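All values derive from a computational prediction rather than experimental measurement.
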Amino acid sequence: MSKILIDIIENIKKEINLSINNSIKKNLLISYEKNFDINIEIPANKNNGELSCNIALNTAKIFKKSPKQIAKIILNNSNFCDFIEKTEIAGVGFINFYMSQKFYSEVLKEIKLKKQDYGKINIGENKKILLEFMSANPTGPMHIGNARIGILGDCLASCLELAGYEVFREYYINDAGNQIEKFFKSLDIKYRQIYSEENIEFPEDCYHGENVKELAQEFSEIYENKYINSDLKTRKKILVNFGLNKNINKIKSDVEKYKIVFDNWFSENDLYKDNKVKEIIQKLKDKDLVYESENAVWYNAKKFGSEKNEVLTRQNGIDTYFAADIAYHYDKFKTRNFDICINVWGSDHHGHISRLKNAIKSLGINDGNLKIVLVQFVRLIKDNELIKMSKRTGKSIQLIDLIQEVNLDSIRFMFNLKEPNLKMDFDLGLAVKQDFQNPVYYVQYAHARICNIFKSLNDEILKEYENSDINLKNLNSNIESELIYYTSLYTLEIIKISRDLDPTRITRYVINLTKIFHRFYNEKKIVISKNKDLMYSRLYLCECVKIIINKILNILKVSSPEYM
RNA sequence: GUGUUAGUAGCUCAGUAGGAUAGAGCAACUGCCUUCUAAGCAGUAGGUCAGGGGUUCGAAUCCCUUCUAGCACACCA
């Protein structure tokens with residue numbers, strides 16, 4: 001468990017509360033019953049210490065003293081652990097903490113000991129999370145927005161695992177409902193067009209993408225005109241099966257090319273096969289939330305403050321996506337017993353959140369355990385021009401097109417740079433052309449530099465380094481302290497990622513870490529044969545930084561080159 | 001129209017459970033390789049945090065309001 005810094009922060013909070021209580025007993029502060037929520041932060045400016053507390057400012061009114069007086073009383077009546085070198089009262093009354101040399105040494109020892117497990121914490125308490133993401137429609141190829149969602153979801157899963165959750169990654173295949181009817185209709189017409197002399201019209205509301213045409217073509221190459229005159233039911237079954245299989249396999253292979261991993265591919269159709277959709281409608285009916293009107297079955301969402309009610313079963317007898325989605329989430333929570341469900345959705349689904357939450361709440365599920373991460377659309381820019389990606393026009397930029405132009409390291413890194421819930425412009429020209437400007441190389445370069453240092457050492461030195469007792473107290477310059485301190489913040493980052501469900505923080509963290517490392521590298525010579533004691537300490541530090549960079553690049557599934 | 005997300009340097013973005021002098025990268029300019037990798041480092045310049053109110057010791061961050069933009073408001077998924 002890596003949590004030196006976390007422990008110190010907790011210790012400070014406890015000690016300050018203790019100090020306040022003691023001061024009250026000694027009549028130094030006026031009586032107040034509650035324990036305070038102590039806020040410890042990392043100051044933006046290094047001159048304000050490594051940790052800082054604003055408790056004296058927040059309690060000035062309560063204690064009717066100036067913040068500085070309160071801070072002084074608190075410090076006089078407290079005794080912090082030996083990881084704290086000194087404290088000071090600064091500015092308008094902040095209490096600032098400076099770390100001791102022991103702290104720096106212990107952080108490095110922990111990294112070296114835990115290696116890739118450094119940063120692991122257990123705030124998740126092994127709770128089971130079902131993380132559903134990507135879930136692109138199988139009626140056509142995936143577009144670039146799906147790539148962003150896939151990469152963010154994949155990375156979020158890894159981060160949550162680090163935070164101590166048990167994460168199950170799932171892809172929901174929408175292979176049922178109205179859209180499958182539409183998919184069949186589109187395929188069927190394209191298929192018949194191939195063999196018909198007459199001009200069969202292709203309706204506006206069908207899928208206009210190239211994909212449908214290609215599928216019909218492939219189908220006809222295998223079966224020729226065998227099914228042209230079959231009855232509707234037979235034709236539908238064979239065409240839909242053929243099309244879905246092809247598309248889903250394509251999705252699976254594309255996903256693999258992006259190194260995105262799923263534990264399970266959940267078929268919407270299975271919900272129907274197992275009668276789970278009808279069961280859920282019945283359950284809602286039992287709770288008096290369902291009524292029939294205009295030959296459709298409705299869910300009474302207005303009861304929960306919605307503006308309008310929702311259809312569960314259409315006039316044509318087909319259940320809606322909404323009905324299936326309730327059944328799907330019931331299955332996640334109640335049948336498969338997940339503690340928390342996280343869905344990574346395109347932000348165009350945001351309207352769906354409240355009605356789904358209301359629906360599962362009415363089935364006795366705590367809707368607070370359903371969390372939605374919204375991901376906004378990606379626009380692709382090339383030569384300052386917007387590349388459209390409408391599925392309907394058939395000229396969409398597919399997910400697979402991108403990987404043919406830009407290398408995967410770069411794609412994965414770039415998509416992990418910007419917060420999910422912000423729209424993003426992906427500059428294709430820049431990503432391809434100007435490799436050296438890309439932050440991914442900046443980070444990888446630091447890794448390669450460290451590898452190179454170790455490669456330059458001969459076996460004898462390496463052996464001595466491995467076996468000697470390293471004096472980490474040598475690492476006492478500003479830049480070394482700063483670098484070590486930053487490595488200790490890694491755990492805090494993992495906590496914030498699981499709190500905000502924003503994996504992109506880790507990318508920004510590793511960029512900052514490498515920035516400090518590059519600065520250190522320029523400022524301090526590492527291989528110094530005259531002073532082996534110092535050299536080994538610095539090698540130790542390099543090794544620790546390398547461990548973290550490597551770990552984060554692994555999370556991002558970006559390669560860690562040893563040479564560049 | 002209603003809901004929702006946003007607006008921070010020329011460009012791309014960090015920073016929001018209120019904190020100290022608002023930060024990076026790119027682009028511009030100036031330096032640093034006989035030295036562990038210059039895909040690097042150091043420095044200069046660049047700001048009415050969209051506008052206006054409010055809350056308080058303190059606001060880019062919270063509240064109200066105006067403006068601008070994306071998205072959603074289907075018996076699509």
query: Out of B/rA77, B/rA72, B/rC41, which has the shortest distance to the side chain of A/D348?
result: B/rA72
- prompt: Hey, is A/F94 stacking on B/rA20? Ring centres under 5.5 Å, planes under 30°.
  reply: yes
- prompt: Is a donor on one side and an acceptor on the other found under 3.5 Å between the side chain of A/Y485 and the backbone of A/E50?
  reply: yes
- prompt: In whole angstrom, what separates A/Y486's OH from B/rG23's C1'?
  reply: 12 Å
Side chain of A/S456 (C-beta onward), nearest among B/rC41, B/rC36, B/rC75: B/rC36
task: Verify whether one side chain among A/T504 and A/N416 offers a donor that lies under 3.5 Å from an acceptor in the other.
output: no
- prompt: Looking across every strand, which nucleic acid part, if any, lies under 4.0 Å from A/A60 by heavy atom: base, sugar-phosphate, or nothing?
  reply: nothing
- line: Testing B/rC75, B/rA77, B/rC36 for proximity to the side chain of A/Y321, the answer is B/rA77
- prompt: Which part of the nucleic acid does A/N96 contact within heavy-atom distance under 4.0 Å: base, sugar-phosphate only, or nothing?
  reply: base
query: Just how far, in rounded Å, is P of B/rC71 from CG of A/L422?
result: 15 Å
task: Examine the side chains of A/D409 and A/Y441 and answer whether a donor and an acceptor come within less than 3.5 Å of each other.
output: no
message: Regarding A/E181, tell me which of base, sugar-phosphate or nothing describes its non-hydrogen contacts under 4.0 Å with the strands shown.
response: nothing
message: With a cut-off of less than 4.0 Å, is there a side-chain N or O of A/Y563 near OP1 or OP2 of B/rA39?
response: no
query: Within the structure, does a side-chain N or O atom of A/R355 lie under 4.0 Å from either OP1 or OP2 of B/rC73?
result: no
message: Using the side-chain heavy atoms of A/V92, tell me which of these nucleotides is nearest: B/rC13, B/rG15, B/rG19.
response: B/rG19
query: Taking the C1' atom of each, how far is B/rU61 from B/rG25, in whole Å?
result: 23 Å
- request: Remember a base hit wins even if backbone is also touched, and classify A/E310 as base, sugar-phosphate or nothing at under 4.0 Å, heavy atoms.
  value: nothing
- prompt: Rounded to whole angstrom units, what separation is found between the CZ atom of A/R538 and the C1' atom of B/rC36?
  reply: 12 Å
Any A/K515 side-chain nitrogen or oxygen under 4.0 Å from OP1 or OP2 of B/rG25: yes
- prompt: What distance, rounded to whole Å, do you find between the two P atoms, one in B/rA28 and one in B/rU68?
  reply: 35 Å
query: What's the NE2-C1' distance between A/H350 and B/rC71, to the nearest Å?
result: 5 Å
query: What is the nucleic acid contact for A/N58, judged by heavy atoms within less than 4.0 Å: base, sugar-phosphate only, or nothing?
result: base
message: Can you measure A/N54 atom CG to B/rC57 atom P for me and round it to whole angstrom units?
response: 14 Å
message: Over all strands shown, is A/K61 touching base, sugar-phosphate only, or nothing at heavy-atom distances under 4.0 angstrom?
response: sugar-phosphate
B/rC63 to B/rG46 separation - C1' atoms, rounded to the nearest Å: 33 Å
- request: Mind telling me if B/rC63 is syn or anti? Syn here is a glycosidic angle within 90° of 0.
  value: anti
- prompt: Which nucleotide in the set B/rG15, B/rA74, B/rA77 lies at the smallest distance from any side-chain heavy atom of A/N137?
  reply: B/rA77
query: For A/I526, which contact category applies under a 4.0 Å heavy-atom criterion: base, sugar-phosphate, or nothing?
result: base
query: On RNA chain B, nearest-nucleotide positions of A/N421 versus A/K418: which is more 5'?
result: A/N421
Salt-bridge contact A/D254-A/K250 (side-chain N to carboxylate O under 4.0 Å): yes
- request: Scan A/N48 against the nucleic acid and name what it touches under 4.0 Å (heavy atoms): base, sugar-phosphate only, or nothing.
  value: base
task: Rounded to whole angstrom, note down the P distance from B/rC49 over to B/rA42.
output: 28 Å
query: From the list B/rC36, B/rA20, B/rG15, which nucleotide is the closest neighbour of the side chain of A/Y521?
result: B/rC36
Presence of salt bridge, A/E10 and A/K13, under 4.0 angstrom: yes
- request: Answer yes or no: side-chain N or O of A/N45 and base N or O of B/rA22 forming a donor-acceptor pair under 3.5 Å.
  value: no
task: Establish, from distance only, whether the side-chain atoms of A/E268 and A/Y321 form a donor-acceptor pair under 3.5 Å.
output: no
field: A/K86 NZ/CZ over A/Y98 ring centroid, <6.0 Å and within 45° of normal
entry: yes
query: Touch check for A/E268, heavy atoms < 4.0 angstrom, all strands: base, sugar-phosphate only, or nothing?
result: sugar-phosphate
Nucleotide nearest A/Q376 (side chain, heavy atoms from C-beta), chosen from B/rC36, B/rC57, B/rU5: B/rU5
A/Q315 CD to B/rA74 P, straight-line distance once rounded to whole Å: 16 Å
Pairing partner of B/rA9 (Watson-Crick or G-U wobble, both distances under 3.5 Å): none
message: With nearest nucleotide decided by heavy atoms, which residue, A/N512 or A/K525, maps closer to the 5′ end of RNA chain B?
response: A/N512
message: From C-beta outward on A/H352, which listed nucleotide comes closest to its side chain: B/rA77, B/rG70, B/rC57?
response: B/rA77
- prompt: Does any donor atom in the side chain of A/N474 or A/D533 lie under 3.5 Å from an acceptor atom in the other side chain?
  reply: yes
- line: Quick note, A/E419 side chain, CB onward, closest among B/rG19, B/rA77, B/rG15 is B/rG15
message: Roughly how many Å apart are B/rC36 and B/rU30, using the P atom of each and rounding to a whole number?
response: 28 Å
- prompt: With sugar-phosphate meaning primed atoms plus P, OP1 and OP2, does A/K524 contact a base, only sugar-phosphate, or nothing at under 4.0 Å between heavy atoms?
  reply: base
task: Answer with yes or no whether the side chains of A/Y299 and A/N309 bring together a donor and an acceptor at under 3.5 Å.
output: no
field: Inter-nucleotide C1' distance (B/rU8, B/rA22), Å rounded
entry: 8 Å
message: Please determine whether a side-chain nitrogen or oxygen atom of A/R449 lies at a distance below 4.0 Å from atom OP1 or OP2 of B/rA38.
response: yes
task: Would you kindly give the CD1-to-P distance between A/I149 and B/rA77, to the nearest whole Å?
output: 18 Å
message: Quick check on the 6.0 Å ring-centre criterion: do A/Y172 and A/Y328 meet it?
response: yes
message: Give me the distance, rounded to whole Å, that separates B/rA59 from B/rG53 when you measure between the C1' atoms they each carry.
response: 14 Å
query: Which nucleotide sits closest to the side chain of A/Y445: B/rC36, B/rA39, B/rA20?
result: B/rA39
message: Does B/rA42 have its OP1 or OP2 closer than 4.0 Å to a side-chain nitrogen or oxygen of A/R519?
response: yes
message: Counting only Watson-Crick pairs (N1-N3 plus N6-O4 or O6-N4) and G-U wobbles (N1-O2, O6-N3), all under 3.5 Å, who is the partner of B/rU61?
response: none
- prompt: When we call it a touch if two heavy atoms are under 4.0 Å apart, what does A/A44 touch: a base, just sugar-phosphate, or nothing?
  reply: nothing
- prompt: Any N or O donor-acceptor pair linking the side chain of A/S52 to the base of B/rA20 at under 3.5 Å?
  reply: yes
Separation of atom CG in A/N316 from atom P in B/rC75, rounded to whole Å: 12 Å
- request: Hunt down the Watson-Crick or G-U wobble partner of B/rU2, both distances under 3.5 Å, from any strand shown, or write none.
  value: B/rA72
- prompt: Mind checking the C1' distance from B/rC33 to B/rC41? Whole angstroms is fine.
  reply: 11 Å
- prompt: Paired with B/rC41 by Watson-Crick or G-U wobble geometry, both distances under 3.5 Å: which nucleotide is it?
  reply: B/rG31
